[in-house]
Amino acid sequence: MAAPTVAKVTSVFRQKLFKDKVALVTGGATGIGKTITQELLYLGCNVMIASRKADNLKAAVTEIQGNLPGCDVRWTECNIRKEDSVKKMVSTTLEQFGKIDFLVNNGGGQFYAPTSEFSLKGFNAVVETNLTGTFLCMKEELNQSCLLSFMQT
Ligand SMILES: CCCCCCC/C=C/C(=O)SCCNC(=O)CCNC(=O)[C@H](O)C(C)(C)COP(=O)(O)OP(=O)(O)OC[C@H]1O[C@@H](n2cnc3c(N)ncnc32)[C@H](O)[C@@H]1OP(=O)(O)O
Ligand SMILES: NC(=O)C1=CN([C@@H]2O[C@H](COP(=O)(O)OP(=O)(O)OC[C@H]3O[C@@H](n4cnc5c(N)ncnc54)[C@H](OP(=O)(O)O)[C@@H]3O)[C@@H](O)[C@H]2O)C=CC1
């Protein structure tokens, strides 16, 4: 008897619920962002993932395509702390997919340290990423295209 197949990606929502929608997921190559990306693909979205490290992005696309054969997931480099980089991420996504329906503001993070030991430079890096970066992405999405935005950081 053949072993039962175990789905690598599932959702509580109906498969293909978001058929032909386009999502842009910052920080989509790792952790929570990669999981969100896979669920959106399962639901029928085409997805652009974006972050700073091209190696992570390429590896994630390969892994995801293995989990969800035939899905349309692409990558583009972006540092959400830099306005020009964010503009390029949005314009590249529009050039490649023609539209953006959903923006998932997942890119971000923090350093783990007591406040007394936290450098100002480190604090500024966290604020510039989680606050300014999210603002830049939302602003650019609104200026160039987007309908819906999800905030996580
Ligand atoms: C204690 C319990 C807390 C529970 C919290 C639970 C909720 C949150 C969970 C999570 O967020 S989970 C994990 C998310 N992922 C990450 O955080 C991944 C790494 N994060 C990033 O890459 C982020 O973008 C960042 C943290 C915002 C910025 O990192 P980046 O590498 O881009 O920073 P740089 O600009 O290179 O460096 C800035 C500067 O900060 C110095 N630094 C390093 N460690 C610390 C520290 N502990 N405190 C203060 N500053 C620190 C670092 O050395 C850099 O300075 P220079 O070396 O360049 O002088
Ligand atoms: N795990 C948790 O318990 C919680 C997490 N969060 C938030 O959820 C999000 C995902 O976290 P998690 O999956 O755990 O951690 P990860 O470290 O796996 O994900 C963070 C992602 O953000 C990207 N990123 C960081 N800085 C930048 C930047 N300047 N420009 C573009 N992308 C960036 C990273 O990619 P790269 O380094 O390639 O740029 C990475 O892919 C983060 O915003 C985190 O703060 C919130 C609450 C709880």
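Trp75 has its side chain out of reach of Asn56: every pair of non-hydrogen atoms, C-beta onward, lies at least 4.5 Å apart. Taking the side chain as every heavy atom from C-beta outward, Leu40 and Val104 approach each other to under 4.5 Å. For the pair Leu136/Ile80, no side-chain contact is recorded, criterion being any heavy-atom separation below 4.5 Å from C-beta on. Side-chain atoms of Thr37 and Ile64, non-hydrogen and from C-beta on, do get closer than 4.5 Å to each other. Using a 4.5 Å heavy-atom cutoff, the side chains of Leu43 and Cys45 are not in contact. Contact check for Glu141 versus Val90: side-chain heavy atoms found under the 4.5 Å cut-off. Counting only heavy atoms from C-beta outward, the side chains of Met48 and Met89 never approach each other to under 4.5 Å. Side-chain atoms of Thr35 and Glu39, non-hydrogen and from C-beta on, never get closer than 4.5 Å to each other.
Residues forming a side-chain hydrogen bond (donor to acceptor under 3.5 Å, both in side chains) with Lys87 (at least two apart in sequence, or on another chain): none. With sequence neighbours excluded, the residues forming a ring pair (Phe, Tyr, Trp, His ring centres under 6.0 Å) with Phe18 are Phe102, listed by chain and number. Residues passing the side-chain hydrogen bond (donor to acceptor under 3.5 Å, both in side chains) test with Gln96, sequence neighbours excluded: Arg74. Here Ser85 pairs with Cys78, Asn79, Lys82 under the side-chain contact (heavy atoms from CB on, under 4.5 Å) rule; sequence neighbours left out.
No donor-acceptor distance shorter than 3.5 angstrom exists from the side chain of Asp101 to the backbone of Ala23, with no hydrogens or angles considered. Of the possible polar contacts, one joining the Asn106 side chain to the Gly27 backbone as a donor-acceptor pair under 3.5 Å is found. With hydrogens and angles disregarded, a donor-acceptor distance shorter than 3.5 Å links the side chain of Asn130 to the backbone of Gly109. For the pair Thr134 (side chain) and Leu131 (backbone), a donor-acceptor distance under 3.5 Å is absent.
Atom-to-atom distance recorded for Phe97:CZ and Leu24:CG is 9.5 Å, nearest 0.5 angstrom. Remark: Ser145 OG to Leu94 CG distance equals 5.0 Å, nearest 0.5 Å. To the nearest 0.5 angstrom, Phe111 atom CZ is 14.0 Å from Glu117 atom CD. Separation of atoms CD1 (Ile100) and OG1 (Thr93) is listed at 4.5 Å; rounding is to 0.5 Å. Separating the CG atom in Asp55 from the CD atom in Glu77 is a distance of 9.0 Å, to the nearest 0.5 Å.
Connection of Val12 to Ile36 is established within a shared hydrophobic cluster, with ILVMFWY side chains joined at heavy-atom distances below 4.5 Å, either directly or through further cluster members.
Among residue pairs with one or both ends in residues 36-68, none qualify as ring pair (Phe, Tyr, Trp, His ring centres under 6.0 Å); sequence neighbours excluded. Pairs engaging residues 21-34 under the side chain to side chain donor-acceptor pair (under 3.5 Å) rule: Lys34-Glu63 [sequence neighbours left out].
Residues Gly108 and Thr129 approach most closely at CA-CG2, 3.7 Å, considering heavy atoms. The heavy-atom pair separating Gln38 from Val9 by the smallest distance is O-CG1, 3.5 Å. Contact between Ala125 and Arg81 at its shortest, heavy atoms only, is CB-NH2, 3.8 Å.
Counting heavy-atom neighbours within 6.0 Å of Lys139 NZ, excluding the residue itself, gives a total of 12 or less. Other residues, nucleotides and ligands contribute over 12 non-hydrogen atoms within 6.0 Å of the CZ atom of Phe118.
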(message) Please determine whether side-chain contact (heavy atoms from CB on, under 4.5 Å) holds for the pair Met138 and Leu103, giving the CA-CA distance in whole Å, both sets of side-chain angles, and the decisive distance to 0.1 Å.
(response) CA-CA 8 Å; Met138 290 175 69; Leu103 163 66; 4.2 Å; yes
